[in-house]
Visitor: 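Submitted below is the structure of interest, expressed as structure tokens.
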Amino acid sequence: MKKPFITKRQAEEIKKKYPTPFYLYDEKGIRENARRLQKAFSWNKGFKEYFAVKATPNPSILKILKEEGCGVDCSSLTELMMAQRCGFMGDEIMFSSNVTPEEDYRLAGSLKAVINLDDITHIDYLNSLIGIPELIGCRFNPGGHFELENQIMDNPGEAKYGFTRAQLSQGFKRLQALGAKRFGLHAFLASNTNTNAYYPKLARLLFETAAELHEETGAPIAYVNLSGGIGIPYRPGEKPNDIAFIGEAVREVFEEIMVPAGLGGAAIYTELGRFMLAPYGALVTTAIHKKEIHKNYIGVDACAANLMRPAMYGAYHHITVLGKEDAPLDHQYDVTGGLCENNDKFAIDRMLPKIETGDILFIHDAGAHGFAMGYNYNGKLRSAELLLRENGEVQMIRRAETPDDYFATLEF
Ligand SMILES: *Cc1c(COP(=O)(O)O)cnc(C)c1O
């Protein structure tokens with residue numbers, strides 16, 4: 001069973017001050033999970049998680065993660081600016097961008113961020129802009145299909161990212177000629193994986209490639225970046241990934257491949273987003289409308305502009321009706337927002353307790369790629385983001401948009 005991290009009473013208290021819809025994040029859950037990750041990879045001296053800022057770009061969240069020893073993974077100018085304003089500097093920032101504008105590389109350079117190149121043409125492009133730093137990484141795209149346990153996980157051959165294997169060899173040599181001294185290797189081959197086997201399999205590919213490149217070019221390997229992709233159980237009953245097991249399995253592959261290759265000093269980096277935040281954030285919304293036509297609908301005060309994953313990917317987000325946690329699931333509803341788009345549904349044919357207007361719905365696992373993907377279609381405004389502190393207090397960490405914000409960029 002999925003349990004909300006607040007009760008109906010807490011939600012009603014919060015709602016008095018901050019009207020729904022709002023995002024609520026659970027500081028305790030975020031910290032405990034970050035510590036589990038750190039522990040799982042503590043065998044690696046240089047281990048660092050670079051939280052993927054795009055998943056939950058909020059300074060208060062980034063500062064919590066910073067206190068837990070994390071850096072940040074940025075991929076745009078404003079993400080770099082946010083990292084800077086939160087006090088991240090130098091090798092606390094990984095810059096894993098693609099189709100990168102000049103000014104983005106310039107800022108990454110002046111922050112001394114670790115730059116992870118997405119394309120071989122970016123070697124000379126970066127060189128002409130800011131020169132080649134001593135430490136630099138390249139993103140690998142092996143092409144083909146990425147399979148795990150005889151199942152196709154994803155399709156790198158269709159993905160726009162990274163260098164081919166041949167380009168890595170060529171690129172490392174070019175980078176050495178331009179003054180690079182220490183190298184990193186990165187790949188992101190499958191998203192939201194729900195198997196403990198993803199990281200170890202990816203690690204094997206990257207470790208073997210790193211060892212080959214080291215052998216071929218003599219390039220010292222400073223780090224291997226396993227990037228994001230560890231998933232979470234969105235559906236009740238799904239088994240969560242076991243991060244301790246994953247860390248240990250990556251260690252075994254590291255000792256098998258990296259240590260004998262003379263690369264035992266390399267750091268392991270991760271750029272997890274979803275795994276770090278998704279379960280520890282919820283979209284809290286109130287039922288404001290009941291409609292019975294060919295189907296039964298519950299209309300809520302949030303919409304796909306607040307959380308687009310169901311509309312965009314058909315993603316499942318579990319819903320708990322607060323105060324009815326133990327009530328029988330004997331009513332079938334579509335739970336919808338008010339956009340003039342029929343895909344604006346948080347749930348379709350979902351079995352839920354009987355819902356009345358005024359009931360508060362807790363939409364689970366929205367802490368990553370949730371608020372961040374919000375938009376203003378139909379003139380809908382972005383909600384507030386709130387943080388449930390460890391001491392039980394609720395702090396506003398982003399105010400809700402107002403109509404003035406919506407009109408701010410327009411000329412009349
Ligand atoms: C999106 C992204 C991540 C995070 O992915 P998750 O699925 O949230 O773990 C990490 N690195 C890069 C380069 C990304 O684009």
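Order of appearance sets the numbers: ligands from 1, and atoms from 1 within every ligand.
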Visitor: So is Arg139 close enough to ligand 1, meaning a heavy atom under 4.0 angstrom away?
Guide: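 A heavy atom of Arg139 does come that close to ligand 1.
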Visitor: Would you check the N or O atoms of Phe188, main chain and side chain alike, for any that come under 3.5 Å of an N or O of ligand 1?
Guide: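 By distance alone, the answer is no.
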Visitor: Check each of Lys160, His122, Arg139 against Asn98 using the side chain to side chain donor-acceptor pair (under 3.5 Å) test, and report the only one that passes.
Guide: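 One option only clears the test, and that one is Lys160.
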Visitor: Decide whether the shortest distance between a heavy atom of Asn192 and an atom of ligand 1 is less than 4.0 Å.
Guide: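 The answer is no: ligand 1 sits nowhere under 4.0 Å from a heavy atom of Asn192.
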Visitor: For atom 11 (N) of ligand 1, what is the nearest protein heavy atom, given as residue, atom name and distance?
Guide: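 So the nearest neighbour among protein heavy atoms is Glu271 OE1, 2.7 Å.
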Visitor: Under 3.5 Å between some N or O of ligand 1 and some N or O of Arg274?
Guide: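 It does: an N or O of Arg274 is found under 3.5 Å from an N or O of ligand 1.
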Visitor: Among Asn376, Asn306, Asp405, find the residue that satisfies the side chain to side chain donor-acceptor pair (under 3.5 Å) test when tested with Arg382.
Guide: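 Only one option passes, and that is Asn376.
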Visitor: Might you confirm whether atom NZ of Lys15 has over 12 heavy atoms from other residues, nucleotides or ligands at distances under 6.0 Å?
Guide: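 Yes, enclosed.
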Visitor: Look at the aromatic rings of Phe47 and Phe41 and report parallel, tilted or perpendicular, splitting at 30° and 60°.
Guide: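 Ring orientation of Phe47 relative to Phe41: parallel.
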Visitor: Ring-plane angle category for Tyr375 and Tyr377, please: parallel below 30°, perpendicular beyond 60°, tilted otherwise.
Guide: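 The rings of Tyr375 and Tyr377 sit tilted, inter-plane angle from 30° to 60°.
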Visitor: Atoms of ligand 1 less than 4.0 Å from Ala52 heavy atoms?
Guide: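 Within the 4.0 Å cut-off of Ala52, ligand 1 contributes 3 (C), 4 (C), 10 (C).
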Visitor: Is it possible for you to check whether Arg31 lies under 6.0 Å from the centre of the six-membered ring of Tyr280, through NZ or CZ, and within 45° of that ring's axis?
Guide: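 No, Arg31 does not sit over the ring of Tyr280.
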Visitor: Quick one: does Phe275 get a heavy atom under 4.0 Å from ligand 1?
Guide: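 False for this residue.
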Visitor: Which heavy atom of Leu168 sits nearest to which heavy atom of Cys138, and what is that distance?
Guide: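 Taking Leu168 first and Cys138 second, the nearest heavy atoms are CD2-CB, 3.7 Å.
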Visitor: Would you mind checking which non-hydrogen protein atom is closest to atom 2 (C) of ligand 1, with the distance to 0.1 Å?
Guide: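 The closest heavy atom on the protein side is Lys54 NZ, 2.4 Å.
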Visitor: I'd like to check which ligand 1 atoms, numbered from 1 as shown, lie under 4.0 Å from a non-hydrogen atom of His369.
Guide: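 Once the distances to His369 are compared, the set is 6 (P), 8 (O).
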Visitor: Within a distance under 4.0 Å of any heavy atom of Ser227, pick out the atoms of ligand 1 and give their elements.
Guide: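 Those of ligand 1 that fall under 4.0 Å from Ser227 are 10 (C), 11 (N), 12 (C).
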Visitor: Would you mind checking which non-hydrogen protein atom is closest to atom 9 (O) of ligand 1, with the distance to 0.1 Å?
Guide: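 Its nearest protein heavy-atom neighbour is Gly229 N, 2.9 Å.
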Visitor: Report yes or no: does a heavy atom of Ala55 sit under 4.0 Å from some atom of ligand 1?
Guide: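 Judged by the 4.0 Å heavy-atom criterion, Ala55 does not count as contacting ligand 1.
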Visitor: Under 4.0 Å from a heavy atom of Gly273: give me the atoms of ligand 1 that qualify, with their elements.
Guide: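 Listed by number with element, the hits are 4 (C), 6 (P), 8 (O), 9 (O).
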Visitor: Compare every heavy atom of Ser96 with every heavy atom of Asn116, then report the nearest pair and how far apart it is.
Guide: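 Result for this residue pair: ND2-OG, 2.9 Å.
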Visitor: Provide the closest heavy-atom pair for Ala304 versus Asp344 in the form atom of the first, atom of the second, distance.
Guide: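 The pair with the smallest heavy-atom distance is N-OD1, 2.7 Å.
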Visitor: Under a heavy-atom criterion of less than 4.0 Å, does Ala368 contact ligand 1?
Guide: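 No, that is not the case, since the closest heavy atom of the residue is not under 4.0 Å from the ligand.
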